[in-house]
Amino acid sequence: MGNIQSISYFLPELMVIATVVVALIADLVYSDRNSYKVGYLVIAGLVVASFTLWLSLPEETTPIFLNTIVVDPFSRIFKFVFLLATFIVVLMSMNSDELKGVRTGEYYTLMAAMVLGMSLMASSVDLIMVYLSIEVVSIISFILAGYLRAQVRSNEAALKYVIYGAFSSGLMLYGLSLLYGLTGTTKLFELSGSISSLGPGSNLTLTVATILMLAGFGYKVAIVPFHFWTPDVYEGAPTPVTAYLSVAPKAAGFALLIRFFNTLFGTG
């Protein structure tokens with residue numbers, strides 16, 4: 001489906017994008033003392049996005065934006081999880097003592113942007129979009145983990161998160177490039193047929209590519225042995241961020257993990 005025709009299927013994400021833009025502009029207007037009011041704008045935007053998502057009822061899988069993302073009941077369920085988790089954590093953050101001494105306008109803006117990244121993770125059916133959506137969520141997670149810049153433990157959490165994240169992203173990107181080299185396409189729906197037609201001489205390369213891709217996905221959901229970042233980051237990040245990282249990005253990681261490997265190697 002072309003870009004113009006795809007817009008009508010992308011309305012919930014467009015509401016989130018509008019929320020990010022409004023929150024960003026509002027943060028420039030509000031003083032340090034009133035920057036917490038950006039949180040109310042984000043909450044309102046998340047509610048509007050939830051209603052828009054509720055009114056959109058995809059009956060079947062619909063690829064949009066030149067088959068880079070897909071709209072289906074599977075991704076819709078996870079998008080509700082992302083919106084609900086973000087809504088709850090924004091409310092927690094507005095009553096958190098840890099965040100009362102810092103400007104929080106950009107904090108709430110980043111949380112809204114995180115919803116967009118996670119929604120794309122749950123809907124991606126193209127290798128390039130898979131990587132971009134993971135990186136959007138990862139970079140925002142790095143910033144949120146180190147948001148309390150005056151605290152050493154928060155800085156340590158962000159630094160360790162960045163190091164582990166960069167390493168696992170590099171492994172995953174190499175795995176994706178191997179997969180593209182084997183099949184000649186970045187579309188998940190085409191990859192399945194291409195993989196099934198590969199000869200036995202490609203088994204080793206396919207196995208290495210799968211392991212490397214698991215490194216990137218495993219990092220997002222803290223699967224052993226890619227879980228070493230978890231204790232330090234959870235301890236050093238602000239408490240609402242810790243609650244958020246333990247639920248929403250992990251749900252997005254599992255959504256991507258299920259869609260990716262079920263499409264590539266599933267039989268149904």
Side-chain angles (χ1 to χ4, degrees), residues 15-50 79-119 121 134-165 219-222 227 229-253:
M15 294 298 104
V16 176
I17 293 173
T19 302
V20 174
V21 173
V22 171
L24 188 62
I25 295 174
D27 186 38
L28 297 175
V29 176
Y30 288 130
S31 62
D32 290 352
R33 201 172 86 176
N34 294 321
S35 65
Y36 72 92
K37 294 181 180 179
V38 176
Y40 294 112
L41 297 175
V42 170
I43 287 175
L46 294 177
V47 171
V48 172
S50 299
K79 289 173 186 176
F80 275 118
V81 173
F82 306 148
L83 289 165
L84 178 61
T86 307
F87 180 85
I88 293 173
V89 172
V90 168
L91 288 178
M92 289 174 56
S93 301
M94 296 178 74
N95 295 281
S96 173
D97 292 334
E98 289 180 284
L99 298 170
K100 285 184 178 179
V102 296
R103 185 181 181 94
T104 53
E106 61 184 10
Y107 171 87
Y108 298 119
T109 305
L110 289 169
M111 285 225 162
M114 190 97 151
V115 176
L116 176 62
M118 293 186 296
S119 297
M121 282 182 65
I134 288 178
E135 287 307 295
V136 168
V137 174
S138 296
I139 292 172
I140 296 175
S141 300
F142 302 155
I143 299 172
L144 291 177
Y147 199 79
L148 300 178
R149 294 186 294 269
Q151 295 187 11
V152 175
R153 65 173 188 171
S154 187
N155 294 330
E156 179 186 355
L159 179 60
K160 291 182 177 180
Y161 206 177
V162 168
I163 293 173
Y164 280 112
Y219 154 77
K220 291 309 302 178
V221 297
H227 66 294
W229 60 271
T230 311
D232 291 323
V233 173
Y234 283 9
E235 181 183 6
T239 302
V241 174
T242 299
Y244 194 55
L245 294 179
S246 65
V247 176
K250 280 188 171 54

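Taking both residues in full, the closest heavy atoms of Val42 and Tyr108 are given as CG2-O, 3.6 Å, listed atom of the first, atom of the second, then distance. Taking every heavy atom of both residues into account, Ala112 and Val16 meet most closely at O-CG1, 3.3 Å. For Lys220 against Ser138, the heavy-atom pair with the smallest separation is NZ-OG, 3.5 Å. The shortest heavy-atom contact between Leu41 and Ala26 is CD1-CB, 3.4 Å. Considering every non-hydrogen atom in both Ala222 and Lys250, the closest pair reads CB-CE, 3.9 Å. Minimum heavy-atom separation, Val20 to Ala113: CG2-N, 3.5 Å.
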- Using the side chain to side chain contact (heavy atoms under 4.5 Å, CB included) rule, take Met114 and Tyr244 through it: C-alpha gap first, then chi angles, then the decisive distance, then the call. CA-CA 10 Å; Met114 190 97 151; Tyr244 194 55; 3.8 Å; yes
**Item:** side chain to side chain donor-acceptor pair (under 3.5 Å) between Ser246 and Tyr234, worked out
**Value:** CA-CA 8 Å; Ser246 65; Tyr234 283 9; 5.0 Å; no
Fill in: Trace of the side chain to side chain contact (heavy atoms under 4.5 Å, CB included) decision for Ile143 with Tyr107
CA-CA 9 Å; Ile143 299 172; Tyr107 171 87; over 6 Å; no
task = Check the pair Met111, Ile140 against side chain to side chain contact (heavy atoms under 4.5 Å, CB included), reporting the backbone distance first and the verdict last.
result = CA-CA 8 Å; Met111 285 225 162; Ile140 296 175; over 6 Å; no
Discussion item. Run Leu144 and Ser141 through side chain to side chain contact (heavy atoms under 4.5 Å, CB included) and show every step you take.
Written reply: CA-CA 5 Å; Leu144 291 177; Ser141 300; 5.8 Å; no
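Side-chain atoms of Glu98 come within 3.5 Å of backbone atoms of Thr239 as a donor-acceptor pair (strictly under, hydrogens ignored). Ser93 places no side-chain N or O within 3.5 Å of a backbone atom of Pro240 that could act as its donor or acceptor partner. Here the side chain of Asn155 pairs a donor or acceptor atom with the backbone of Arg149 at under 3.5 angstrom. Within the 3.5 Å criterion, the main-chain N or O of Leu46 finds a donor-acceptor partner in the side chain of Ser50.
Between Trp229 and Tyr219, the ring planes are tilted. Angles from 30° to 60° get that label.
Taking the charged nitrogens against the carboxylate oxygens, Arg103 and Asp27 do have a contact shorter than 4.0 Å, which makes a salt bridge.
Annotation: the span from Leu110 atom CG to Ile139 atom CD1 amounts to 11.0 Å, rounded to 0.5 Å. Here the CG atom belonging to Leu24 is positioned 9.5 Å from the CD atom belonging to Glu106, to the nearest 0.5 angstrom. The structure places CE of Met121 at 13.0 Å from NZ of Lys79, a figure rounded to the nearest 0.5 Å. Note that the OG1 atom of Thr230 and the OH atom of Tyr164 stand 9.5 Å from one another [nearest 0.5 Å]. The CG atom of Leu159 sits 10.5 Å away from atom CG of Asp232, with the distance rounded to the nearest 0.5 Å.
Contact check for Leu245 versus Tyr161: side-chain heavy atoms found under the 4.5 Å cut-off. Two residues are said to be in side-chain contact when any heavy atoms from C-beta on lie closer than 4.5 Å; Ile43 and Met94 meet this criterion. Using a 4.5 Å cut-off on side-chain heavy atoms (C-beta onward), Lys100 and Asp97 make contact. Looking at Leu99 and Val102, their side chains come closer than 4.5 Å, going by heavy atoms from C-beta outward. Val38 has its side chain out of reach of Thr104: every pair of non-hydrogen atoms, C-beta onward, lies at least 4.5 Å apart.
Annotation: Phe80, atom CZ; neighbour count of heavy atoms from other residues, nucleotides and ligands within 6.0 Å is above 12.
For Ser154 and Tyr147, the side-chain atoms include no donor-acceptor pair closer than 3.5 Å.
Evaluated for a side chain to side chain contact (heavy atoms under 4.5 Å, CB included) with Met15, the options Val115, Val48, Leu116 yield exactly one hit, Val48.
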